[in-house]
Amino acid sequence: MLGDYSLGDLGAIFAMQGFAGLILFSVYVLMALGLAVIFGQMGVINMAHGEFMILGAYVTYLCSTFFQTHLPGLFGIYFFVAMILAFLASGALGMIVEWTLIRHLYKRPLDTLLATWGLSLILQQSYRTIFGAREVGVELPSWLIGSVQVTDTIEVPINGLFVMAITTLITVGVGLLMYRSRFGQQVRAVMQNRPMAGAVGIDTEKVDRYTFGLGCGIAGVAGSAFTMIGSTGPTSGQLYIVDTFLIVVFGGAASLLGTIASAFSISQTQSTLEFFLSGSTAKVLTLLAVVGILMVRPQGLFTLKVRR
Amino acid sequence: MTSPVQTLSKSLTVNDNPFMKPMEWVSLALLAAFILIVLPATLDAFRLNLVGKYLTYAFVALGLVMCWGYAGILSLGQGVFFGLGGYCMAMYLKLEASSVENTKIQSTPGIPDFMDWNQITELPLMWKPFQSLPLTLILVVAVPVFFAFVIGFAMFTRRVGGTYFAIITQAIAAILTILIVGQQGYTGGINGITDLRTLHGWDIRTDSAKFILYFLNGGLLIGCILAAQYVKKAKLGRILLAMRDKEDRVRFSGYSVAGFKVFAFCLAAGFAAIGGAMFTLQVGFMSPSFVGIVPSIEMVIYAAVGGRLSLFGAVWGTLLVNWAKTTFSESFPELWLFGLGALFIAVVLAFPNGLAGIYRSYVEPRLTRKVKALAPVGAPVPHGTPAE
């Protein structure tokens, strides 16, 4: 398998595949971050998470067409506007969903799973009715097109670099919010001991709602970033949902660091294997490895030690 | 819902715990009459085959009632077992359909056509056992149950449960689908195993064969209901219920919680596998589209609509949802997904015990009052809406 390539070629292959893996890693991290926040905080499985992501992608698409027709002069920066709008749209929808649906089901986590699956079907069909069944893509501003030549065998696409930069920023932002702000402190307090947090005066219902909104909002930003590297269809979200769940579970729920580590290992394994094997075999091997490890170590890579 | 302590103490007095209560016998008789007499008498061959297909899903729903409703284990990967059972059957039928004289034009005669297209020149080892019918009939149930045992044993002895278990079963469904689609030469890929003709020399494509298979299917379904009822009424069923409500208390009483969970999961897998095999026989093909995440979750909604604690409800729910699906997707394809999504939410939010719950809290009290007033005669009305 490796014999046909020279050492230099192999280095370049690993670098390029590693970079492709990094882009995959960025999308995974963005999706998993939102899910980890929601799952870690409330133990709620949001099966409609992929659809919240796609909502962000469609918002970005609408923004790009709007800027193209009405504000062509500002087209270069539309993406930043789109990202904020995507966050707000997905976050607002998330808070509505939490208020109407999820908050009645906190005691029944398995039922939440089914209800959010129903929600995801409704959202998918809405997207299909509104935007059509065909996949849509956005026009990239000119400064995002092209690639950087690192050596003569290695080159990296600029949009990939941009997505990675965005991911880093958002991850740091979420980390600061969760571990350095008053809101994050409340979220973690509710997560560790709900009745006690309520007793010291934290409005746990409000914290729940904002956390769910935050998680969905991050999903929206993930969708926004996703448009940079792929096209969007009504069912695109579903393709990623299982991987994302596995990442969150594999990383150990309620641990941001674990989520990032597991997203990194899964995406790198998958993209490196993809070069040598067929895409489907690579995916099967990666997922099997994850499920196998989870069978031996069900609590995931990193665990939070809480006295219950 | 009664507390576990009450249910346990009830089971100690065996005499007032008959195999089935009179009302349950009536429900069973109604269901049997509906499946075995009313439907065959009123539907044409095509529609009857369609109902036969729905009823194969009822096996899965029945398994979910035991595994999810009673033992509290939600599996989102029942399609895996349905598919494995179906594939085992399909492999036997396919081998019979690709006899040497049927496949003369291939470069290697005697192997299934899709293997020939994928440059495989010898029958893979995995396919060898399926040349014999008795072995196939054993493997149809044994393979999925063994698979369920491995998954269940690994997860439950480490006390993985609830949402974690659901996610992992879902991932397994995804893995198996990707594997089947990817290994085209061994599995038939995305198209599945098609062009199945005979079962041990008996042509399964004729109307009369489909008629017989329908009754075989109905009979097996009622057999499975009785088997599930037996488990439910035995002490085993009480332990399953107690485990769902207060797992730790059961564990501290000295029962092996993991063992009972593995049993419930394997039982559900066995039911699903029988359904899958009957599906292949009646519909004439098997494909990965019945294995993956989407069909697996849809099978959960059948049990949820019927009532997650009711064996009969599961069958009625399956028929009702599938009937609605066929009707709506024929006339309003756009609306169906909205309807299905709303169904998921409504069942969970408003009717957590499904049709059976509605029947039990609204219809049954009135019925018993009327029956008492009219005693000794009075025929109860069937619960659930008859499909078709």
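Sequence lines set the chain letters: A, B, ... in the order given, protein chains first and strands last, and positions in each chain run from 1. Owing to the predicted nature of the structure, the values given are computational and were not obtained by experimental measurement.
Within 6.0 Å of CD in A:Glu205 there are 12 or fewer heavy atoms belonging to other residues, nucleotides or ligands. Within a 6.0 Å sphere centred on CZ of B:Phe146, other residues, nucleotides and ligands contribute 12 heavy atoms or fewer. Residue B:Tyr186 qualifies as open at atom OH: its count of foreign heavy atoms under 6.0 Å is 12 or below. Heavy-atom contacts from other residues, nucleotides or ligands closer than 6.0 Å to CG of B:Leu125 number 12 or fewer. With a 6.0 Å radius and a threshold of 12 heavy atoms from other residues, nucleotides or ligands, A:Tyr127 has its OH atom above the threshold. Annotation: A:Trp99, atom CH2; neighbour count of heavy atoms from other residues, nucleotides and ligands within 6.0 Å does not exceed 12. Remark: A:Met196 CE is loosely packed, at most 12 non-hydrogen atoms of other residues, nucleotides or ligands lying under 6.0 Å away.
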Would A:Leu288 and B:Leu179 satisfy side-chain contact (heavy atoms from CB on, under 4.5 Å), going step by step from the backbone distance to the final call? CA-CA 11 Å; A:Leu288 269 183; B:Leu179 198 65; over 6 Å; no
Steps toward side-chain contact (heavy atoms from CB on, under 4.5 Å) verdict (B:Leu340, A:Gln125): CA-CA 11 Å; B:Leu340 186 64; A:Gln125 187 57 40; over 6 Å; no
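Atom OG1 of B:Thr163 and atom CG of A:Leu113 lie 7.0 Å apart (nearest 0.5 Å). Between atom CG of residue A:Asp111 and atom CD1 of residue B:Ile345 there is a gap of 12.5 Å, rounded to the nearest 0.5 Å. Put simply, CZ on A:Phe39 and CD1 on B:Ile167 are 5.0 Å apart, with the number rounded to the nearest 0.5 Å. The structure places CD1 of B:Ile293 at 9.0 Å from CD1 of A:Ile241, a figure rounded to the nearest 0.5 Å.
Proximity to chain A is limited to the side chain of B:Ala174, based on heavy atoms less than 4.5 angstrom apart. Contacts between B:Val294 and chain A at a heavy-atom distance below 4.5 Å involve backbone atoms as well as side-chain atoms. Both the backbone and the side chain of A:Leu110 come within less than 4.5 Å of a heavy atom of chain B. Using a 4.5 Å cut-off between heavy atoms, A:Leu114 touches chain B through backbone and side chain atoms alike. Contact of A:Ile45 with chain B is made through the side chain alone, with heavy-atom distances under 4.5 Å. Contacts of A:Ser126 with chain B are made by both backbone and side-chain atoms, with heavy-atom separations under 4.5 Å. With a 4.5 Å cut-off on non-hydrogen atoms, B:Trp68 touches chain A through its side chain but not through its backbone. Looking at B:Ile297, the atoms closer than 4.5 Å to chain A (heavy atoms on both sides) all sit in the side chain, from C-beta outward.
Of residues 147-160 of chain B, those residues with a non-hydrogen atom less than 4.5 Å from any non-hydrogen atom of chain A are, in numerical order, B:Ile151, B:Ala154, B:Met155, B:Arg158, B:Val160.
Heavy atoms only, all atoms of each residue included: A:Ser280 and B:Gly182 are closest at OG-CA, 3.6 Å. Counting all heavy atoms, side chain and backbone alike, A:Val291 lies closest to B:Ala171 at CG2-CB, 4.1 Å. A:Ile122 and B:Ala342 get closest at one heavy-atom pair: CD1-N, 3.7 Å.
Of the listed residues (B:Leu343, B:Val181, B:Leu349, B:Ile168), the greatest number of heavy-atom pairs within a distance under 4.5 Å of chain A belongs to B:Leu349. Interface check for chain B: of the options A:Lys283, A:Gln238, A:His104, A:Arg108, the most heavy-atom pairs under 4.5 Å are formed by A:Arg108. Ranked by non-hydrogen atom pairs under 4.5 Å with chain B, the options A:Leu123, A:Leu101, A:Thr281, A:Val44 are led by A:Leu101.
Between B:Phe344 and A:Trp117, the two ring planes are perpendicular [angle over 60°; tilted spans 30° to 60°].
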